[in-house]
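Order of the sequence lines sets the chain letters (A, B, ...), proteins ahead of strands, with each chain counted from 1. Bear in mind that the values here come from a model prediction, so they are computed numbers and not experimental data.
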Number of protein chains: 2
Amino acid sequence: MALAFFRKYKTIWLYGASLAVLLFLLKWLELRFIIYDHAFEAYIGAIALLFTSLGIWLAMRLTKPKVETVVIEKEIYRDAATNFIFNEKAFAGSGMSKRELEVLQLMTEGHSNQQIADQLYVSLNTIKTHNSRIFEKLDVKSRTQAIEKAKRLGLIP
Amino acid sequence: MALAFFRKYKTIWLYGASLAVLLFLLKWLELRFIIYDHAFEAYIGAIALLFTSLGIWLAMRLTKPKVETVVIEKEIYRDAATNFIFNEKAFAGSGMSKRELEVLQLMTEGHSNQQIADQLYVSLNTIKTHNSRIFEKLDVKSRTQAIEKAKRLGLIP
DNA sequence: GGTAAAATCACCCGAAAGTATGAGGGCGAA
DNA sequence: TTCGCCCTCATACTTTCGGGTGATTTTACC
C-alpha cells in the first residue's frame, strides 16, 4: 500500500526529499560561514540559481513530453480494378435483373454461352435469351460491346 | 544587429530581467522587514519556491516539443481506364506485332471483325488471320478471353 | 541481294454467337 | 385475380467467329 503510494508519487517524494536536503545544507552553510553584507546577495543568488535548476529539472521530469504531431498524407494509388466498387445506380438504371447480371459477369470472364449454361445449370438457349435481353438493356449489339459497356458503367470489375 | 540578437535569445533576456527584478524585490523586502532568526528560513524557503517555479516555467517554455511524425496512408482510387499505363514488358514478352496489337485494341472496344477490317482498310480475312495469331500468342481460345487477358497484362486499358 | 518476319488476302468448314418468335411456370403488385 | 416481369426452354434461322491451310507482298535486317 505505502509502497504503491510511494511509487505513484515518486517524483513528488523525490522533490520533497531534495528540498529537505538542500535546506539542511543551506542551514549548515549558514552556520559554517558568516554572512557578510555583500556576501548575502551572492548567497541569495546561489539559492536562486540552485532552485531554478531544480525547477527546470523537475519540470523536465514531471511534464509530459510535448508531442507535436505532424501528419503526412501518403498517397497510395491503387488500381480501381483490384478494388472494384459495384455501381448500384448504374445497375438499377439499366433495368437488368439479377440473373442477367450474373450471366453478364460470367460473360466478361471469358466464358462461352455453353460454359455459362453449364455453370448455371440451365440450357444454352436460356443463356442466349438472357444475352439478348442484356444487349437490349445495355443498348449494344454484341457480347464484346456488352463487356466494354459493363466495365464503363461499373457493373463488373 | 542588437535587435536580432535580442530576438534570438529573447527567453534568456527575459529570464535575466526577471531575475534582476526579483533580486531587487528581495533587496527591497530585506530593507523593509527585519529578518529574525526564524524568519530567515521562511525567507529562504520562499526564495526556493519562487525560483523553483521560475525554473519550471522556464523549462516549460524552453523545452522543444518532441516531433512525432505520423504517416497516414491515404488511398486514392484511380480509374484504371483513365490512368492507363501500357505494359511494354508484357507486350514485348507476348511477341505480338504492332499490327496485331492494333487489331487487339479495336477488338476490345467492341468492334466486330468486319468493323475492324473496314477501319484498317484491310479485308475481313486479314483480320481473321491476325486474330488467330493474337489468340495463339496470348494462349487463349476466343476474343472474349483475349480481351480479358490483354486487360490483365496491361496491353489495353 | 537474300532472308526472316510481318502484313496482306483467299477459301472452306464447323462452332459459336446472335435474332426472332413462342410458350409455360412463378411471383409480387395493382 | 389479373397484369407485368422474370426465368426458363425450345425451334429455326442468320451472322459472326475461329481454325486450318496456303499464298503473295511488304518491310526490315544482315
Nearest-Å distance, [atom1] ([X]) to [atom2] ([N])?
X: A:Lys128; N: C:dT19; atom1: NZ; atom2: C1'; value: 9 Å
X: A:Lys137; N: C:dG18; atom1: NZ; atom2: C1'; value: 17 Å
X: A:Phe135; N: C:dA16; atom1: CZ; atom2: C1'; value: 12 Å

Original post:
Counting any heavy atom closer than 4.0 Å, what does A:Ser132 reach on the DNA or RNA strands: base, sugar-phosphate only, or nothing?
Top reply: base
Any chance you could measure [X], atom [atom1], to [Y], atom [atom2], to the nearest 0.5 Å?
X: B:Glu100; Y: B:Glu136; atom1: CD; atom2: CD; value: 9.5 Å
X: A:Gln145; Y: B:Thr108; atom1: CD; atom2: OG1; value: 11.5 Å
X: B:Ile127; Y: B:Leu120; atom1: CD1; atom2: CG; value: 5.0 Å

Original post:
Listed in order of residue number, which residues of residues 140-153 of chain A have a non-hydrogen atom at under 4.0 Å from DNA chain D?
Top reply: none
Subject >> B:His130 side chain reached by B:Thr126 side chain, heavy atoms, under 4.5 Å >> reply: yes
Subject >> Overall bend - the helix from C:dG1-D:dC30 to C:dA30-D:dT1, comparing terminal axes fitted on five pairs, nearest 10 degrees >> reply: 50°
For nucleotides 7-9 of chain C, print each protein N/O atom paired with a nucleotide N/O atom at under 3.5 Å, atom names and distance only.
unit_1 : atom_1 : unit_2   : atom_2 : d
C:dA7  : OP1    : B:Arg99  : N      : 3.1
C:dA7  : OP2    : B:Ser97  : OG     : 2.0
C:dT8  : OP1    : B:Arg99  : NE     : 2.9
C:dT8  : OP1    : B:Arg99  : NH2    : 2.5
C:dT8  : OP2    : B:Arg99  : NE     : 2.8
C:dT8  : OP2    : B:His130 : NE2    : 2.8
C:dC9  : OP2    : B:Ser123 : N      : 2.7
C:dC9  : OP2    : B:Thr126 : OG1    : 3.0
C:dC9  : O5'    : B:Thr126 : OG1    : 3.4
C:dC9  : N4     : B:Thr129 : OG1    : 3.0

**OP:** Test side chain to side chain contact (heavy atoms under 4.5 Å, CB included) on B:Ile116 and B:Val122 and set out the steps.
**Re:** CA-CA 8 Å; B:Ile116 297 171; B:Val122 293; over 6 Å; no
**OP:** Check the pair A:Met96, A:Leu155 against side chain to side chain contact (heavy atoms under 4.5 Å, CB included), reporting the backbone distance first and the verdict last.
**Re:** CA-CA 10 Å; A:Met96 281 214 299; A:Leu155 298 178; 3.9 Å; yes
**OP:** List the atom of B:Ser142, the atom of A:Gly110, and the distance in Å for their closest heavy-atom pair.
**Re:** OG-O, 4.3 Å
Subject >> Heavy-atom closest contact (A:Phe135 atom, A:Ala146 atom, distance) >> reply: CE2-CB, 3.7 Å
**OP:** Check whether any side-chain N or O of A:Asn113 sits under 3.5 Å from a backbone N or O of A:Leu124 as a donor-acceptor pair, and report yes or no.
**Re:** no
**OP:** Please check if the side chain of A:Lys137 supplies one atom and the backbone of A:Ser94 the other of a donor-acceptor pair under 3.5 Å.
**Re:** no
**OP:** Would you list the pairs meeting salt bridge (Lys or Arg N to Asp or Glu O under 4.0 Å) in which at least one residue belongs to residues 138-156 of chain A, sequence neighbours left out?
**Re:** A:Glu148-A:Arg152
Original post:
If you look only at pairs with a residue in residues 101-125 of chain B, which of them pass as a salt bridge (Lys or Arg N to Asp or Glu O under 4.0 Å), with sequence neighbours excluded?
Top reply: B:Arg99-B:Glu102
Subject >> side chain to side chain contact (heavy atoms under 4.5 Å, CB included) between A:Leu138 and A:Leu104, intermediate numbers included >> reply: CA-CA 11 Å; A:Leu138 287 182; A:Leu104 177 60; 4.3 Å; yes
Subject >> Bounds of contact between DNA chain D and chain B, in 5' to 3' order, using a heavy-atom cut-off under 4.0 Å >> reply: D:dC17 to D:dG19
